[in-house]
Amino acid sequence: MGSVEEMHRWTVKISMPSVLAMVTVFSMIPGGVLSDMRGTQGLEAQQLAQGSAHLHRRLKRGWIWKQLFVPEEDPTPRVIGQLKSDSDRGEFSIKYVLSGEGAGDVFEIDEYSGDIRTLKKLDREEKAFYVLQAQAINRWTNEPEEPQSEFIIKVQDINDNVPQFQNEPYVSSIPEMCPTGTTVAQVTATDADDPMFGNNAKLIYSILQGEPYFSVEPKTGIIVTSWPNMDREAREQYLVVVQVKDMLGLSGGYSSSTTVTVSLTDVNDNGPTFQHHLYAFAIPENAAVGTTVGRIMAEDGDIGINAKMTYSLEDDLEGSSTFIIETDPVTQEGVILLAKPLDFETKRRFVMAAEAVNDHVDTRFLTLEEFRDRTTLKIVVEDVDEPPVFLEPTYEWKVPENAAVGTVVGSVSARDTDTVNNPIRYSIDKRSDTTKAFKIDPNNGTITVSKALDRETSDWHNVTVEARETTQNHLSSSVVVFIKVLDINDNVPRLARDYQPYICEGTQAGELIQLLSAVDPDEPVEGHHFYFSMVPEKHINPNFTIRDNQDNTAGIVARRSTFTRKDRTQYLLPVVVTDSGSPALSSTSTLTISVCSCQPADDCPTGGVKVLTLSMGVSLQTLLGLLVCLVTLTGALQTGAEHGSLWKPVRLLNKELTDASVLSLDRNA
């Protein structure tokens, strides 16, 4: 017996790794472990009974297992397996102890029989397996009968999870007119069940909504087009519902669905098209340049850049280019604008062709000609009652200043351009002719002189003439008439200023005494030309002569020398100034030439008069005193008339004093 016990203990110790290995491997195969272990148990019993020496070389199992895994989601506590040592003889001497994951909470063991029992339902998706340790202890000695053994209880999967789509929502776009088989999108679903156990997590995809336009690849979830030439203009968006099923789509499985929003993007597969062959518009003839006549629209089923177009006009038969067309960038309408002024009386209707052309073409879908369209425009000009129109924008006339009252200056003419051709009356704006120098015939527009003109007073007259319709709206317009008054020689020339020439004592013959010039208000076309001369006399003036310089100036020249104040203090010289007009006019001015004793600087104070040695600074009171004395002296001398020898010197002195007094008074004044 001793040899048998030793062999038994050795067998238990060395067979434990084999037991653990078998638990690890066969736990993946339901029922395999159980049958294998049962066969092994019977074989071991036979070998132990025979005492075969072959057992020393064989790996003998010390533990006996009945079941190694449990189905999930089973709420009923039940025995799922049994641990049994081969040293257990049914005497209840062995105590079984369970430890590890879930021991006492999820699993418990019967310490006498070794049965393992579940305490609650399990969820494989939360925990797929449990690693536990088992130990057999001798109740009497409290010693381990076997070394601690580790084993695994695997939770068996059931199909208890619904497949879930990932990355929702699904939105995709494809170009319209794309070929069949174009990839739209890929949907992906996952299943929390065990992919290694049966078909619980094996998924398959199918289309619930979206056929016949789309299809899905069952295994990959790739959605492709299955309908050719899908047209965005017919339908822009599709909702494709895809279903996924587990269990390979077999009955009893779970399923879920998702929606894929598929939009068709635009391609240029439509050209512009006018909805009418003729567009008619009306515009008044007085519309300003730039006025919008109207709008036309070529329909294009495309959108965005594919719908952009440019409009153009072909000139009417006269090629007047009266209208232009521009493209509204927002509405893509053709805006017709007036480019030149209109006149109903000249042209009442315009007919032209308009064309719309796509800016971006794609010849994969249409020919070049299909990307353009044409239509006809008819524009009618409406008559407007317009004011009279003068034949000239301005008038400019000339009239001599000596024109007689009633002289015709010129005529203005205006007409009513409207078809009714209303009568017109003319008038002068009083504000433009305040002097009332002109008048106008209200019927024919003839302007005449109404009062004498004077160029020197006003050489230009700017007259505003108004033309007004006599019927309907009494519309009026005005024009400016510029009247230039022409000069005639009606003013005599005169010396330029009031000359006060003087001659110094000791002046030599031929010396220039004074330079003369002249002025004339007239303005001859050729310019002024003055002639200077002396008044003709029987005898030649012995004292002075006038030298004409032929440049509108002349000089007074001394004919002799030895001018002295003792001989004479003043000379009178008439000067004749004649112009070059036709007829020539002249004037005579008499100059007073004074003789003076000039200062060293050739200056003649007080206009050439020097009063002996009297100071020019004598006051008025002093002169009055001298006069009083002179009167007294004169009275006394008259009483002695018999003394004739004394009277003459006194009379001479009286005269000179009187002259000096007058001169001083003149200067002081």
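Because only heavy atoms are used, hydrogens play no part in the values below, and waters and symmetry mates are left out as well, while side chains stay in.
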Do the charged groups of [X] and [Y] touch, with an N to O distance under 4.0 Å?
X: K121; Y: E72; answer: no
X: D328; Y: R295; answer: yes
X: E145; Y: K95; answer: no
X: R139; Y: E91; answer: no
X: E314; Y: R374; answer: yes

Checking side-chain polar atoms at under 3.5 Å, does [X] have a donor or acceptor matched by the opposite partner on [Y]?
X: N306; Y: N358; answer: no
X: E333; Y: T331; answer: yes
X: Q166; Y: T188; answer: no
X: E233; Y: N270; answer: yes
X: D300; Y: Q332; answer: no

Practice item. Keeping the roles fixed (side chain from E217, backbone from K219), state whether a donor-acceptor pair exists under 3.5 Å. Key: yes

Review point. How long is the gap from CG on D302 to NE2 on H360, to the nearest 0.5 Å?
Key: 12.0 Å

Tabulate below the donor-acceptor pairs under 3.5 Å that side-chain atoms of residues 175-183 make, not counting sequence neighbours, or state none.
residue	atom	partner	partner atom	Å
E176	OE1	R232	N	2.7
E176	OE2	V267	N	3.0
T182	OG1	P179	O	2.7

Pairs of donor and acceptor atoms involving the side chains of residues 239-246, under 3.5 Å and at least two apart or interchain, shall be tabulated with distances.
residue	atom	partner	partner atom	Å
D246	OD1	N159	ND2	3.4
D246	OD1	Y254	N	2.6
D246	OD2	N159	ND2	3.3

Check your understanding: Is K347 close enough and on-axis enough to F344, meaning under 6.0 Å and within 45°, for cation-pi?
Key -> no

Review point. With a cut-off of 6.0 Å (strictly less than), are more than 12 heavy atoms of other residues, nucleotides or ligands near NZ of K127?
Key: yes

**Study point:** Parallel, tilted or perpendicular: ring planes of Y279 versus F281, cut at 30 and 60 degrees
**Key:** parallel

Check your understanding: So D74 and R78, salt bridge (charged side-chain N to carboxylate O under 4.0 Å, His left out) or not? Walk me through it.
Key -> CA-CA 9 Å; D74 187 357; R78 66 178 60 196; 3.0 Å; yes

Point to revise | Results of ring pair (Phe, Tyr, Trp, His ring centres under 6.0 Å) for F214 - residues two or more places apart only | key: Y238

